[in-house]
Protein chains: 2
Amino acid sequence: MAVSLKDIAERAGVSLATVSNVVNGYRPVGERTRQRVQQAVDELGYSPNLSARHLRRGRTGLIALAIPELNNPYFAELAEIAIREAAGLGYTLVMENTAADREAELLLLDGSRRHIIDGLIFSPVRIGRAEVLARTADSPLVLIGEGVHDVPHDHIAIDNVAASHAAIQHLVGIGRRRIAFIGAADGGDRQSAHLRLRGYREALAAAGLPYRPGLVAPTREFGRRDGEQAMRDLLALDEPPDAVFGYNDLVAIGALRALTEAGHRAPRDVAVIGIDDIEEGRFSNPTLTTIAPDKEAIGRLAVRRLVARIEGTQVTAPLTVQTPFRLICRESTSAGR
Amino acid sequence: MAVSLKDIAERAGVSLATVSNVVNGYRPVGERTRQRVQQAVDELGYSPNLSARHLRRGRTGLIALAIPELNNPYFAELAEIAIREAAGLGYTLVMENTAADREAELLLLDGSRRHIIDGLIFSPVRIGRAEVLARTADSPLVLIGEGVHDVPHDHIAIDNVAASHAAIQHLVGIGRRRIAFIGAADGGDRQSAHLRLRGYREALAAAGLPYRPGLVAPTREFGRRDGEQAMRDLLALDEPPDAVFGYNDLVAIGALRALTEAGHRAPRDVAVIGIDDIEEGRFSNPTLTTIAPDKEAIGRLAVRRLVARIEGTQVTAPLTVQTPFRLICRESTSAGR
DNA sequence: TACCACCTCTATAACGTTATACAGGTGGTG
DNA sequence: CACCACCTGTATAACGTTATAGAGGTGGTA
């Protein structure tokens, strides 16, 4: 059933190697022969067996993007950008969902899948520096997000401290004084949660506001549900907050929901801001103010660096890039309501 | 760098074949030898080369799920379920985004990627019966959704006509009479849009309501933005609708946004219902009434049938399964507001 | 004419794995 | 003791591809 080089070679009456050369353009082939071969290829509908090609050549043209939460739109949007960029460079990007599971992350880093891809863009959350250093696979690795630092790989992330700082500054700017943070990490992982908490504290200090541990709500995960529950708890405080900074947009949207259900209104009673700029926040009611990372830059840069490493055109030392972000002010913090 | 069977064999002082037998458990190996080999495997950190294995065995353990919109949460949620089910059966599922692009769909069906996966779960929207029939790849294919019918492959979908009928029935039941439909397909593709339109018309007729073409709003795509624009247009009519049925939840959420912006309220002025039961609709304001397909059933069934075909345990004729759905009534259609 | 350079094309050895066929040893049975 | 069955392990040929070395032919130059 499957058509192989051999079938083409027989049909065209040439050798295996010649067909390969026509298909890959690796070495010049005479015009007459080339046409005969091409015709056979078209007629039989040949497409090369990637496994065999990989085995021989060491490249599949496949790269993977590994993310911790498939149903977080932030990653879906990022993936879409990365897929486009990869296609433009002649690569196919496959998505892998680690589901924030440690075993899944380890497997991805060093498991059997590594043999099938040319390189990996990875957003780790459950493994640390040691695991990345212990990796034996030799395909290039580009890290995104805050999971792991100080490893010999390219690394792309936003400045989480600064981003979080900007969010708080905005809330302070619209006159809020009791500012809560939803989405502190419970365990030791989720480095970005720590960094965003740090930015939160720094910004409070800079604004001359006290740091109140009671206004910091840890969550187990970072979905809408977690934000909703945390917001309910915050509303039950003797002195509830007048503003909330969500670890990400999903958490913030959950908080919005809890406010609505409790009969409060944002931003009148509580202003809400998130991070990620997912499309959902442009359509929520109220629309969500957010810190927008430059997803386009992150996605494209990650793919470009990975491909550069794969093709060996980039032999410089590992590079760490901080991509820009900007504040997008929408209804959930704007006074006009 | 990469550790191969040969390295293990040398280290353990046995033959290549024996190592392979230990790793695969294909044939019995003496206890002493097995332990020596296992130790070498652990020490050197061996993991089999999938390309080579595939080349020899014809299986990679990889299956693909191809969806038309990565940033539609419906597919993300479905993917998450399918990934879990696949893992439970010993397979790795990779996601492919066709972005509703015809070329991408064709490539997936018959391109070089086919050599690297054992089977494909496919939700086609731009190709039809002819293209599927012309496929030459011999790995199993399971179709989901309404894209293609009457082909010799397993097929899983909900009954779109009935689902749409149920949605309209609900709107009629709460007393609405001018019911709009957002998300009719513009072109000839998107079979499910046609089916949902048919259910809409049937239900109107069954309720003794007239079919008003002016209340049917075609959209180019099926995102929040499309729903928002369509709703705006509907509100500009001389006699705007008192209820809206969205092709999917995203469209319905866009409609909700347009209502809010125009100063209307759902369900008081216009009731809104969608299809898909994405998590976002449980947190929107108002929360979104929806027809919930049994995503768990679809995802698990699709994977199970595919794996059965791959492993040849299922040699029955192609099966078409209609999975159940149910109405989930939330704020956007419930009177208490 | 003799020689070399060049241009096409071909034969073949890998890549890492698994299935097949077989070799050697041990124990049991007639 | 002869024979067979069985168990454990091995050598080897594929799978489809590409890189390397080289074969054969043509044309140009000394």
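Every heavy atom of this structure was used, including side-chain atoms; hydrogens, water molecules and symmetry mates were not. Order of the sequence lines sets the chain letters (A, B, ...), proteins ahead of strands, with each chain counted from 1.
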Please answer whether the main-chain N or O of [Y] pairs with a side-chain N or O of [X] as donor and acceptor at a distance below 3.5 Å.
{"X": "A:Arg309", "Y": "A:His153", "result": "no"}
{"X": "A:Asp154", "Y": "A:Leu319", "result": "yes"}
{"X": "A:Glu80", "Y": "A:Glu77", "result": "no"}
{"X": "A:Glu105", "Y": "A:Val125", "result": "yes"}
{"X": "A:Glu131", "Y": "A:Gly128", "result": "yes"}
{"X": "B:Asp7", "Y": "B:Ser4", "result": "yes"}
{"X": "B:Arg135", "Y": "B:Leu109", "result": "yes"}
{"X": "A:Asp118", "Y": "A:Gly61", "result": "yes"}

When you compare the protein's N or O atoms with those of nucleotides 24-26 of chain C, which come within less than 3.5 Å of each other, and at what distance?
none

*Taking all non-hydrogen atoms of both residues into account, name the closest pair between B:Leu55 and A:Ser51 and its distance.*
N-CB, 4.5 Å

_ring-ring contact (aromatic ring centres under 6.0 Å, His included) partners for A:His155, two or more places apart_ = A:His149

*Any side-chain heavy atom of B:Phe75 sitting closer than 4.5 Å to one from B:Leu65?*
no

*asked:* Just to verify, what does A:Asp101 make a side-chain hydrogen bond (donor to acceptor under 3.5 Å, both in side chains) with, not counting sequence neighbours?
replied: none

*Members of residues 29-43 of chain A that approach DNA chain D, where some heavy atom sits under 4.0 Å away*: none

Contacts under 3.5 Å, N or O only, protein and nucleotides 5-7 of chain C:
none

*asked:* Base contacts versus sugar-phosphate-only contacts with protein, heavy atoms under 4.0 Å: please encode nucleotides 12-19 of chain C as B, S and - from 5' to 3'.
replied: -BBBBBBB

*Would you say C:dA11 has OP1 or OP2 under 4.0 Å from some side-chain N or O of A:Ser15?*
no

